[in-house]
Amino acid sequence: MSQTVRTRFAPSPTGYMHLGNLRTALYTYLMARKNGGAFILRVEDTDQEREVAGGIEMIYKSLRLAGLTYDEGPDVGGPVGPYIQSQRKDLYAPYAWELVEKGAAYPCFCTKEQLDARRAAAEAKGETWKYDKHCLHIPAAEAKARVAAGEAYVIRQNVPTTGKASFDDLLYGHVEVDCDTLDDNVLIKADGLPTYNFANVIDDHLMRISHVMRGNEYLSSAPKYSLLYQAFGWEQPLYMHLTPVMKDATRKLSKRKGDPSFEDLLDMGYLTEAVINFMALLGWSPGTEQEFFTLAELEQAFDPAGLSKSPSVFDMVKLNWFNGEYIHKLPFDTYFAHAKPWLEKVLDPARFDLRRLAEMLQSRTDVFNQLPDMVSFLAEMPAYDSALYTHKKMKTDPQVALAAIDVALPVLEGLSDWSEAALHDALMAAIAASGMKNGQVLWPVRIAITGRESTPGGAIEMAYLIGKPESVARLKAARARLTAELS
RNA sequence: GCCUCCAUGGUCAAGCGGUUAAGACGUCGCCCUCUCAAGGCGAAAUCAGGGGUUCGAUUCCCCUUGGAGGUGCCA
């Protein structure tokens with residue numbers, strides 16, 4: 001069969017790309033790639049009021065960052081363009097008039113104000129508002145004359161008052177509704193532009209889209225679109241309605257509530273590959289135990305049968321784990337290149353061995369934006385509580401800490417080679433001579449020079465990074481403080 | 001209100017009439033260890049409720065409940 005798979009991602013340029021949209025784009029892209037088909041970008045900008053400046057560029061940028069390359073689109077061209085709906089403005093009306101000729105649509109002269117009033121009145125009485133087909137009964141000749149005379153009008157779909165409308169979804173199966181629950185929706189607005197309801201049908205047909213993958217919010221209006229296809233005598237594409245990505249059980253992810261967009265995540269220090277991997281598995285299962293996928297692997301593995309029918313909650317904790325896994329596996333130089341800017345926010349590269357620090361940090365990094373807080377103590381001794389000296393397992397308390405510092409301080413003061421190896425040998429020898437246990441000395445020393453309960457390395461590594469003068473100074477300060485507190 | 005859809009642990013989820021109901025994140029415990037991570041081992045935790053159908057329901061049907069979406073000259 002020469003049935004070519006052609007999918008489309010059709011966002012509105014209303015701002016940043018939120019994660020639900022990104023996932024829809026990803027699945028749509030994967031469906032095309034898996035089947036050797038074409039992935040098309042179409043911009044749906046028929047609502048001039050909601051359009052955001054630069055919105056189209058944001059779409060391009062997000063898709064590029066995500067690696068979802070499209071075969072046809074506004075900026076790459078293609079055989080069925082233009083790919084921006086506002087640039088297709090003039091081609092919709094003739095199709096609408098064709099429907100009028102066929103009796104499947106009709107011009108309507110009711111003003112927005114009139115309709116709002118009638119709708120409000122109906123709602124006040126607790127009734128369901130539906131357009132009453134008032135203008136359907138205007139004789140065709142009269143309607144044409146009024147249009148020709150320049151009167152404002154819209155074109156409405158003429159939905160049958162009886163019978164059923166239905167369509168088949170690859171995930172949800174047969175979806176059917178009674179026509180009398182459907183409204184005569186506007187197809188062409190007073191400004192001459194089509195509504196989504198109409199444009200999606202025309203464009204999907206003209207662009208020869210084979211599989212329509214879109215958000216769940218269109219599931220209940222899809223039967224209505226099938227009426228349009230039938231009126232035109234066009235073959236319908238196959239549908240897959242995708243579930244939303246949730247913040248919790250009842251709320252979608254939303255920028256307004258402070259939830260991050262895809263680009264926000266990248267700015268925070270998440271890796272593109274990790275986000276893609278995580279998003280792919282949020283609402284889709286490969287049916288195997290495999291959990292790590294590159295984009296290329298997803299292109300092979302994707303199967304719509306694994307798509308979920310219920311919404312998925314976006315779990316930032318699991319994303320962190322995925323991101324950590326990707327970070328830990330990075331070649332060190334790549335890791336260092338990513339980490340360096342974050343470290344330099346709080347550390348002077350001339351003063352610290354950032355490379356060595358990064359080696360210690362890699363297995364401890366889940367998200368790059370955690371780094372500054374993890375290392376800021378190196379630049380400046382933080383305030384800390386002497387209770388940190390007390391550690392049951394290490395068998396230490398302030399008393400022991402003081403003794404430990406007395407063991408370590410002279411050794412460190414006398415050390416000329418401030419390498420980790422020299423530090424290690426000198427300290428271990430002194431500890432052995434003192435009769436104390438390693439932990440009893442090293443724990444307090446580490447607390448004394450870092451002020452932190454946990455650090456990216458042990459006492460020796462931290463002392464090395466901090467440097468001799470500062471390490472000695474911090475130990476002396478700690479000794480003075482402990483002496484004062486214990487007396 | 002009406003219409004459509006959905007429903008397995010805290011979260012992502014496998015399952016598609018017979019299973020000890022996978023796996024992952026997280027949580028907890030143990031090991032390793034100069035802290036924390038990383039790594040290794042182990043544990044707890046799920047079929048929303050009620051009716052059917054069936055020899056047998058997580059699985060099929062109905063109802064209830066809960067949730068989502070739609071009900072715009074927004075997409």
Side-chain angles (χ1 to χ4, degrees), chain A residues 10-12 14 44-47 49-50 108 110-112 115-116 119 123 126-130 152-156 169 172 175-178 180-183 185-191 193-197 199-200 214-223 241 243-244 246 248-252 278 281-291 306 308-322 324 328 360-366 374 388 391 393-394 424 427-428 431 437-447 450 452-462:
Chain A
S12 295
T14 53
E44 309 217 330
D45 60 343
T46 57
D47 184 358
E49 287 179 18
R50 288 210 315 161
C108 169
C110 297
T111 66
K112 212 169 175 178
L115 293 171
D116 286 345
R119 179 172 10 243
E123 282 170 2
E127 292 170 4
T128 301
W129 161 256
K130 235 179 91 173
Y153 71 100
V154 301
I155 295 180
R156 287 182 181 276
D169 188 282
Y172 293 97
V175 178
E176 187 174 86
V177 298
D178 286 325
D180 65 8
T181 65
L182 267 21
D183 200 359
N185 292 104
V186 170
L187 266 21
I188 300 288
K189 298 184 276 190
D191 64 7
L193 287 172
T195 58
Y196 172 84
N197 292 324
N200 91 86
R214 70 198 350 171
N216 231 332
E217 64 269 30
Y218 301 112
L219 187 63
S220 60
S221 43
H241 287 88
T243 60
M246 313 293 283
D248 56 39
T250 61
R251 292 176 297 171
K252 279 199 206 186
F278 171 71
L281 261 19
L282 193 66
W284 175 74
S285 166
T288 65
E289 299 280 83
Q290 185 176 352
E291 55 190 347
S308 174
K309 286 194 283 188
S310 43
S312 310
V313 174
F314 183 88
D315 183 2
M316 191 67 101
V317 173
K318 187 155 188 179
L319 202 215
N320 287 350
W321 174 78
F322 259 112
H328 302 165
M360 300 175 202
L361 250 14
Q362 185 165 3
S363 72
R364 289 169 238 254
T365 311
D366 283 336
M374 288 171 73
L388 283 183
H391 191 282
K393 206 171 151 199
M394 294 296 123
H424 178 271
L427 278 171
M428 289 308 180
I431 291 169
K437 305 204 60 150
N438 289 352
Q440 283 184 299
V441 175
L442 296 171
W443 171 277
V445 167
R446 192 178 59 80
I447 298 299
T450 66
R452 292 287 185 92
E453 185 171 14
S454 66
T455 53
I460 292 163
E461 291 154 327
M462 293 304 101

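Within every chain, numbering begins at 1; the chains are lettered A, B, ... in the order of the sequence lines, protein sequences first and strands thereafter. Computed from a predicted model, the values in this text were never measured in an experiment.
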Nucleotide B:C34, atom P - distance to CE of A:M428 in whole Å: 7 Å
P atom, B:U8 versus B:C12: distance in rounded Å? 8 Å
When rounded to the nearest 0.5 angstrom, what is the spacing between NZ in A:K437 and CH2 in A:W443? 16.0 Å
Under 3.5 Å, is there a donor-acceptor pair linking the side chains of A:N216 and A:H241? no
Should B:C2 form a Watson-Crick or G-U wobble pair with both distances under 3.5 Å, which nucleotide is its partner? B:G70
Span that lies between the P atom of B:U35 and that of B:G10, in whole angstrom: 35 Å
Between P on B:G69 and NZ on A:K309, what's the gap in Å once rounded to a whole number? 19 Å
Every protein N/O within reach of nucleotides 10-16 of chain B N/O, cut-off under 3.5 Å:
| unit_1 | atom_1 | unit_2 | atom_2 | d |
| --- | --- | --- | --- | --- |
| B:C12 | OP1 | A:V313 | N | 3.0 |
| B:C12 | O2' | A:L281 | O | 3.0 |
| B:A13 | OP1 | A:G283 | N | 2.4 |
| B:A13 | OP1 | A:S312 | OG | 2.5 |

Using purine N1 to pyrimidine N3 plus N6-O4 or O6-N4 for Watson-Crick, or N1-O2 and O6-N3 for G-U wobble, each under 3.5 Å, what pairs with B:G9? none
Is A:R446 reaching over with its side chain to a backbone N or O of A:E461, donor-acceptor style, under 3.5 angstrom? no
Has the side chain of A:D191 got a donor or acceptor atom that lies under 3.5 Å from a matching backbone atom of A:L193? yes
For A:A249 and A:V313, which heavy atoms make the closest approach, and how far apart are they? N-CG2, 4.2 Å
Most 5' of A:S454 and A:W321 on RNA chain B, judged by nearest nucleotide: A:W321
In whole Å, what separates the P atom of B:A22 from that of B:G52? 29 Å
Tell me: CE of A:M246 to P of B:A7, nearest whole Å? 14 Å
Tell me the partner of B:G18, counting only Watson-Crick (N1-N3 plus N6-O4 or O6-N4) or G-U wobble (N1-O2 and O6-N3) with both under 3.5 Å; none if nothing fits. B:C55
Polar side chain donor-acceptor pair, A:S12 to A:R50, under 3.5 angstrom: no
Any idea how A:F278 and A:F314 line up, ring-wise: parallel (<30°), tilted (30 to 60°), or perpendicular (>60°)? perpendicular
Short N/O separations, protein against nucleotides 71-75 of chain B, under 3.5 angstrom:
| unit_1 | atom_1 | unit_2 | atom_2 | d |
| --- | --- | --- | --- | --- |
| B:G72 | OP2 | A:R119 | NH1 | 3.3 |
| B:C73 | O2 | A:A190 | N | 2.8 |
| B:C73 | N4 | A:C110 | O | 3.1 |
| B:C73 | N4 | A:K112 | N | 3.4 |
| B:C74 | OP2 | A:K189 | NZ | 2.9 |
| B:C74 | O2' | A:D47 | OD2 | 2.8 |
| B:C74 | O2' | A:R50 | NE | 3.2 |
| B:A75 | OP1 | A:T46 | OG1 | 2.6 |
| B:A75 | OP1 | A:K189 | NZ | 2.9 |
| B:A75 | OP2 | A:Y196 | N | 3.0 |
| B:A75 | O3' | A:S12 | OG | 3.0 |
| B:A75 | O3' | A:E44 | OE1 | 3.0 |
| B:A75 | O2' | A:S12 | OG | 3.0 |
| B:A75 | N3 | A:Y218 | OH | 3.2 |

Presence of salt bridge, A:D315 and A:K318, under 4.0 angstrom: no
Taking A:D248 for the side chain and A:T250 for the main chain, is one N or O donor matched with an acceptor at less than 3.5 Å? yes
Categorize A:M374 for me: base, sugar-phosphate, or nothing, with a 4.0 angstrom heavy-atom threshold over every strand shown. nothing
Using atom P of each nucleotide, how far apart are B:C16 and B:C2 to the nearest Å? 37 Å
How do A:M360 and A:E291 order along RNA chain B: which one's closest nucleotide is nearer the 5' end? A:E291
Tell me which nucleotide among B:A37, B:U4, B:U35 gets nearest to the side chain of A:W443. B:U35
I need the CD-P distance between A:E289 and B:C25, as an integer number of Å. 12 Å
A:R446 CZ - B:U33 P separation (whole Å): 17 Å
Heavy atoms under 4.0 Å, any strand shown: does A:E176 hit a base, just sugar-phosphate, or nothing? sugar-phosphate
Check the distance between B:G70's C1' and A:D178's CG and give it to me in whole angstrom. 15 Å
Base, sugar-phosphate, or nothing: which does A:I460 touch, judged by heavy atoms less than 4.0 Å apart? base
Pairwise P distance for B:U46 and B:A21, with rounding to whole Å: 12 Å
Examine the base of B:U35 for any acceptor or donor lying under 3.5 Å from a partner atom in the side chain of A:K393, and report the outcome as yes or no. no
Under 3.5 Å, N/O pairs linking protein and nucleotides 45-50 of chain B:
none

Could you measure between the two P atoms, the one in B:C31 and the one in B:A48, and give it in whole Å? 39 Å
In the strands shown, is B:A43 matched to any nucleotide by a Watson-Crick or G-U wobble pair with both distances under 3.5 Å, and which? B:U27
When rounded to the nearest 0.5 angstrom, what is the spacing between CH2 in A:W129 and CG in A:D116? 9.5 Å
Shortest non-hydrogen pair, A:G457 vs A:M462, comes out as N-CE, 3.4 Å
Atom-pair distance (OH on A:Y172; P on B:A68), nearest Å: 14 Å
With rounding to the nearest 0.5 Å, note down the distance linking CG in A:L427 to CG in A:L442. 6.5 Å
Report yes if some heavy atom in the side chain of A:T14 is under 4.5 Å from a heavy atom in the side chain of A:D45; otherwise report no. no
How many whole angstroms separate atom CG of A:L219 from atom P of B:G69? 13 Å
